[in-house]
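Below is one structure, written out as structure tokens; the observations come after it.
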Amino acid sequence: MTYLLDDLEAHALVTRSPDPRDRRARLVLITDIGRNRLQQVRQSLAIAEARLLDDLDDQDAGKLRTLLSRVAQTAQRESLAPDETDC
């Protein structure tokens, strides 16, 4: 996580500062540059998704999103708690 935050901070996308309530912790705050970049990325993703799902009606696109979300949740669970038979 530290390396990721270092990169984000190096690109002026976030800042880190001491948490006034807990001197051991740091607050990670998005900068205006980071907020603008996030908006650009979200717009680009929305455009790409719209092009990819162009041949599906709204109902089919919704079903696909639901199914992909379920697959992603399963994949995340598996990566956090791999099957013990893999040992």
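Note that the structure is a prediction, hence the values are computed from the model and not measured.
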### Message
Using a strict threshold of under 4.0 Å (side-chain N to carboxylate O), is an ion pair present between Arg35 and Asp32?
### Response
yes
### Message
For the CG atom of Asn36 and the CD1 atom of Ile30, what is their distance to the nearest 0.5 Å?
### Response
9.0 Å
### Atom CG of Asp22 with >12 non-hydrogen neighbours under 6.0 angstrom
yes
### Message
Taking the side chain as everything from C-beta on, heavy atoms only, tell me whether Arg26 gets closer than 4.5 Å to Pro18.
### Response
yes
### Query
Checking side-chain hydrogen bond (donor to acceptor under 3.5 Å, both in side chains) for the pair Arg37/Gln40: CA distance, chi angles, key distance, verdict?
CA-CA 5 Å; Arg37 183 67 184 127; Gln40 291 170 354; 3.1 Å; yes
### Task
Consider only side-chain heavy atoms of I, L, V, M, F, W and Y, link residues closer than 4.5 Å, and tell whether Leu38 and Leu5 are in one cluster.
no
### Query
If you measure from CG on Asp57 to CG on Asp60, what distance do you get to the nearest 0.5 Å?
4.0 Å
### Task
Indicate whether the side chain of Gln39 and that of Arg42 have a donor and an acceptor atom separated by less than 3.5 Å.
no
#### Entry: Atom pair CZ (Arg16) and CG (Leu8), whose distance is rounded to the nearest 0.5 Å
8.5 Å
#### Entry: Working for side-chain contact (heavy atoms from CB on, under 4.5 Å), residues Arg65 and Leu53
CA-CA 10 Å; Arg65 285 185 189 97; Leu53 302 179; 3.4 Å; yes
#### Entry: Trace of the side-chain contact (heavy atoms from CB on, under 4.5 Å) decision for Leu27 with Arg21
CA-CA 10 Å; Leu27 298 175; Arg21 295 167 293 180; 4.3 Å; yes
### Query
Hey, what do you get for OG1 (Thr2) to CG (Asp7), rounding to the nearest 0.5 Å?
11.0 Å
## Note on the structure
To the nearest 0.5 Å, atom CG of Leu64 lies from atom CD of Glu49 at 9.0 Å
### Query
How many angstroms lie between CG in Leu13 and CD in Glu9, if you round to the nearest 0.5 Å?
10.0 Å
